[in-house]
Each structure stands twice: as structure tokens, then as C-alpha cells.
Amino acid sequence: MAIATRRRSSRATPHRIFSRTRAFPFLASFRKRRSATPHRNLTRSYREDLRLFGTPWAKFGLVAMVVVFLVLPAVVQDDFWLSVLIYVGITAVGAIGLNLLTGYCGQISLGHAFFIGAGAYVTARVGGDLGLPLPLWLLAAALVGGALGGLIGPFTLRLRGHYLAIVTLGLIFVGEHLWRNLGDLTGGNSGTSVNTDVAIGPVDFGALTIVGETYSRNQGYFWLVWGLVAIVALLAKNLVRTRPGRALQAVRDRDQAAEVIGVRAGRYKIGAFMISSAIASMAGALFGSYQQFVSPDEWNLLLSIQYIAIVIVGGLGTIFGSVLGAIFVGALPALIDRYSAIIPGVRTSVGGDGFISVFALNQAIFGVLIVLFLVLEPRGLAGIWLRAKNYFKAWPFSY
């Protein structure tokens with residue numbers, strides 16, 4: 001009893017707490033402020049959860065990306081590196097479209113190169129022969145690609161998995177036959193030139209002049225392509241956060257269960273094919289406009305495999321993962337071709353030394369990356385980034 005009484009008497013009484021707060025008024029205000037203000041990482045509503053840039057670090061990252069976008073072409077004036085970045089940006093646009101279809105809707109497609117080629121040829125005819133401005137030929141390519149995707153989409157209602165992959169694989173060979181035999185549209189085996197207008201009003205990205213300073217064609221195309229990457233990524237991110245985007249993910253996870261809860265799986269599968277094909281055709285339009293020449297040899301199976309590798313390495317089901325994958329994988333062919341002479345064992349010419357050609361090395365690298373990321377890191381580079389971010393956000397705790 002004596003011990004218990006001593007313990008009770010040692011505890012702080014309300015009178016003592018009251019006297020402390022009267023003696024130190026800042027303690028009361030500090031306790032009130034600490035109890036009333038939630039932590040900045042605490043999400044209290046769906047609206048806060050859906051914010052794109054809800055934290056100070058996210059806003060800082062946005063500002064940093066804008067600064068890099070504006071300053072990089074003026075700092076990096078080497079045409080090789082600018083061309084690599086332009087091709088990476090074009091690839092990122094196409095990868096976002098494929099990720100919407102495969103990563104968010106769960107529909108495997110090996111025919112992405114077909115829609116990219118269709119967009120390039122539409123641009124050659126609409127933007128080159130008819131001379132329409134940039135917004136119109138880009139829109140025309142997207143509409144034609146969406147219409148072609150709408151024709152292929154109904155096959156997804158009865159096919160899935162490997163069967164759907166085989167059907168979309170057939171698009172590569174159908175497209176190759178069409179591109180080589182529709183000479184009036186594609187130029188046949190010889191290919192066709194693409195001479196388009198890349199001006200939006202008074203701003204001509206082909207010969208850009210700002211405040212008396214003239215910029216090269218590559219510098220102007222960098223701003224054009226990566227500006228479109230930002231627009232497409234923002235639209236895609238907003239799409240997946242809406243009701244249709246959640247329906248796509250429900251179809252991906254379990255289409256029969258999605259239909260039970262009222263999601264019309266057929267409609268969303270066809271819609272996903274149309275949107276993905278439209279974005280892929282826009283990427284093809286940008287590719288043809290920048291390269292100024294396209295041929296049937298470019299829309300082959302390797303291009304589709306490259307896009308599959310990009311979305312797997314970058315991260316399935318993430319928009320920014322598509323951009324990361326395009327930067328990591330899309331730049332490899334150009335870099336390998338540039339530095340093939342110093343890579344051991346690579347044959348740079350017919351009959352030269354080495355046991356593997358540049359083309360075969362690219363194929364091998366794509367295959368190895370797909371296998372490694374599927375086995376070791378299924379969530380791709382985006383998963384690595386999210387884990388690192390969550391680790392530092394929860395540090396020093398392990399959860």
C-alpha cells in the first residue's frame with residue numbers, strides 16, 4: 001500500500017499541469033499547435049490523394065524539370081546528343097500509349113509498330129503533300145490511328161493473353177505487306193519523304209528565333225517533342241485517375257469481376273486500344289516529321305519488342321515509368337551504334353572482326369533486360385524509385 005501510494009503521489013496532478021502551463025504559456029500554444037496541425041505527408045481526403053504535386057519536393061521536382069526543359073537545348077548544342085534526346089522523347093510518347101493498353105488495361109500487344117508506321121505515312125501524305133500545319137497533321141495521325149485501333153479492338157473481346165499477343169503480332173506482317181505494296185501511299189520499298197510544316201502560328205520549330213537568337217532544327221524539335229511528351233503524360237495521368245481509368249485497372253486485375261460490379265469490360269478494352277493506337281500514331285507522326293524519310297523496314301517486330309522492353313523496364317502501370325524506360329532503353333541503339341567501335345566483340349562492318357553485329361547486340365540487350373526485370377524487378381525502374389522515395393519518407397522507421 002505504501003508503494004502504491006508513493007507511485008500515485010509521484011504522478012503529475014491536474015493542478016501541477018495547470019501551474020506549468022501558466023508559468024510557461026508557450027507550452028500550451030506549442031501543444032495546441034502540435035495537436036491541431038497534421039503532418040505534411042498525412043492524406044486526409046481523396047482530393048489530397050489525387051494531387052499530382054502535393055508535396056514541396058514534388059513541386060520542386062516540377063520546377064526543376066521545367067528549368068531543364070528550357071535550358072538544356074541551349075547548353076547541349078551537339079547535334080548527336082540532341083537527336084538522341086529527340087528520339088527518346090518520341091519513344092516516350094509511344095511508350096505511354098502502350099502502357100495505357102498493357103500496363104493499365106492488361107491487353108498484350110505486339111503490333112505497336114504497325115500503328116506507329118501508320119501515323120508516319122499519314123503525316124507524309126497529310127502534312128507533306130497537302131501541306132497542312134502541325135496541329136492538323138498531328139490530329140489526323142491520331143484519328144487514323146484511333147480508327148485502326150477501333151477495328152482491332154473487337155478481337156480483344158474474345159481473346160486474351162498469348163492468343164491476343166499472336167493476333168497483334170500478325171499486324172506487323174500485315175502492315176509490312178501493306179507498306180510495301182501501297183506505293184501511292186507509302187512509296188513502296190523505296191520509302192517516301194516526309195516534308196512537313198512544324199510551325200504553330202508564328203513559332204516555327206524548324207527555324208526557331210527567340211529574342212533575336214536563332215536556334216538549330218534539333219534545338220527546336222527538342223522543345224516541340226518534349227513539350228508534347230509533357231502534354232501526353234499529363235493527359236494520360238489524368239485519365240487513369242478518373243472513373244474510366246479505374247475501370248481499366250479493374251479490367252486488368254479481373255475482367256469477370258469487373259463486369260459483375262457494373263464495368264462494361266468490352267467497351268473499355270476497345271477504348272484502350274483506340275487511345276493507345278492514337279498515341280502511337282502521334283509518335284509515328286513525330287518520328288516521320290523529324291527524320292523526313294520513312295521506309296517499310298523501320299516498322300518491324302524489333303520495334304515492337306523495343307517498346308515492350310521499355311514499358312517493362314520502366315514499370316508497367318505507371319506513366320512516369322514509360323518516360324524512364326524510354327530514357328534508359330530508347331537511347332541504347334543510338335549509343336551502341338555510336339560507340340560500337342570500342343565495344344569488345346562487336347562487328348561494325350560486313351566481314352569485320354567480332355562475333356556479334358550491332359543489330360544482334362541490340363536484340364540481345366532487349367531480351368536480357370526483359371528477362372532480368374521480369375525476374376528481379378517486376379515493377380521496373382518506377383518501382384525502384386517508389387521504394388527509395390518511401391524509404392526516405394518513413395526514415396528512420398522501417399515501415
Side-chain angles (χ1 to χ4, degrees), residues 80-81 83-104 106-114 116 161-162 164-166 168-169 171-173 176 276 280 283 287 297-350 352-388:
F80 169 76
W81 292 108
S83 65
V84 169
L85 293 174
I86 291 169
Y87 281 120
V88 166
I90 295 172
T91 305
V93 174
I96 291 173
L98 182 60
N99 216 337
L100 284 175
L101 178 63
T102 303
Y104 283 96
Q107 306 300 301
I108 302 175
S109 176
L110 293 176
H112 211 58
F114 170 79
I116 297 175
H162 305 297
L164 179 60
I166 295 300
T168 56
L169 177 61
L171 290 175
I172 299 296
F173 304 105
E176 184 177 358
S276 173
F287 179 85
D297 297 329
E298 293 172 313
W299 326 117
N300 50 25
L301 180 59
L302 178 62
L303 182 61
S304 292
I305 295 176
Q306 179 181 350
Y307 275 97
I308 292 292
I310 286 171
V311 297
I312 291 176
V313 172
L316 288 168
T318 57
I319 300 300
F320 75 95
S322 303
V323 181
L324 293 178
I327 296 174
F328 186 77
V329 179
L332 280 179
L335 295 177
I336 290 174
D337 185 63
R338 172 74 176 256
Y339 299 105
S340 58
I342 61 176
I343 300 176
V346 177
R347 187 172 59 251
T348 58
S349 61
V350 179
D353 296 333
F355 60 89
I356 187 172
S357 64
V358 174
F359 178 78
L361 179 61
N362 285 325
Q363 288 182 312
I365 289 177
F366 292 152
V368 170
L369 288 176
I370 291 174
V371 172
L372 289 180
F373 273 87
L374 282 178
V375 174
L376 302 178
E377 187 50 71
R379 298 180 63 186
L381 297 174
I384 298 175
W385 163 253
L386 291 175
R387 280 205 307 274

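When a residue number appears, it is its place in the shown sequence, counting from 1. Bear in mind the structure is a predicted one, so any value in this text is a computation, not a measurement.
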With a 4.5 Å cut-off on side-chain heavy atoms, are [Y] and [X] touching?
| X | Y | result |
| --- | --- | --- |
| Leu369 | Phe373 | yes |
| Val88 | Phe328 | no |
| Leu98 | Ile308 | yes |
| Glu298 | Phe287 | yes |
| Phe80 | Arg338 | yes |
| Ile336 | Ile365 | yes |
| His112 | Ser276 | yes |
| Thr91 | Val329 | no |

Would you check if the side chain of [X] reaches a backbone N or O of [Y] as a donor-acceptor pair within less than 3.5 Å?
| X | Y | result |
| --- | --- | --- |
| Tyr307 | Ala95 | no |
| Asp337 | Ala334 | no |
| Thr318 | Gly315 | yes |
| Asn99 | Ile319 | no |

With rounding to the nearest 0.5 Å, note down the distance linking [atom1] in [X] to [atom2] in [Y].
| X | Y | atom1 | atom2 | answer |
| --- | --- | --- | --- | --- |
| Asn300 | Ile305 | CG | CD1 | 8.5 Å |
| Leu361 | Ile356 | CG | CD1 | 5.0 Å |
| Leu302 | Asp297 | CG | CG | 12.0 Å |
| Leu381 | Ile312 | CG | CD1 | 12.0 Å |

Check: Can you list the steps and then say if Arg379 with Leu386 is a side chain to side chain contact (heavy atoms under 4.5 Å, CB included)?
Finding: CA-CA 10 Å; Arg379 298 180 63 186; Leu386 291 175; 3.4 Å; yes
Handout entry: CA sep, side-chain torsions, deciding dist, call: Ile172, Leu110, side chain to side chain contact (heavy atoms under 4.5 Å, CB included)
Key = CA-CA 8 Å; Ile172 299 296; Leu110 293 176; 5.7 Å; no
- Query: Are Gln306 and Gln363 close enough, and set up right, to give a side chain to side chain contact (heavy atoms under 4.5 Å, CB included), and what steps lead you there?
  - Reply: CA-CA 8 Å; Gln306 179 181 350; Gln363 288 182 312; over 6 Å; no
Candidate list Ile310, Ile96, Ile327, test side chain to side chain contact (heavy atoms under 4.5 Å, CB included), partner Ser322, passing option
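Single pass found, and it is Ile96.
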Non-hydrogen atoms of [X] and [Y] that approach each other most closely:
| X | Y | value |
| --- | --- | --- |
| Ala113 | Leu303 | CB-CD2, 3.8 Å |
| Phe366 | Pro333 | CZ-CG, 3.9 Å |
| Leu171 | Phe114 | O-CD1, 3.6 Å |
| Thr168 | Ser109 | OG1-CA, 3.6 Å |
| Gly321 | Ala382 | CA-CB, 4.1 Å |
| Gly94 | Ala283 | N-CB, 3.7 Å |

Leu164 and Gln107: side chain to side chain contact (heavy atoms under 4.5 Å, CB included), yes or no, with the steps? CA-CA 8 Å; Leu164 179 60; Gln107 306 300 301; 3.3 Å; yes
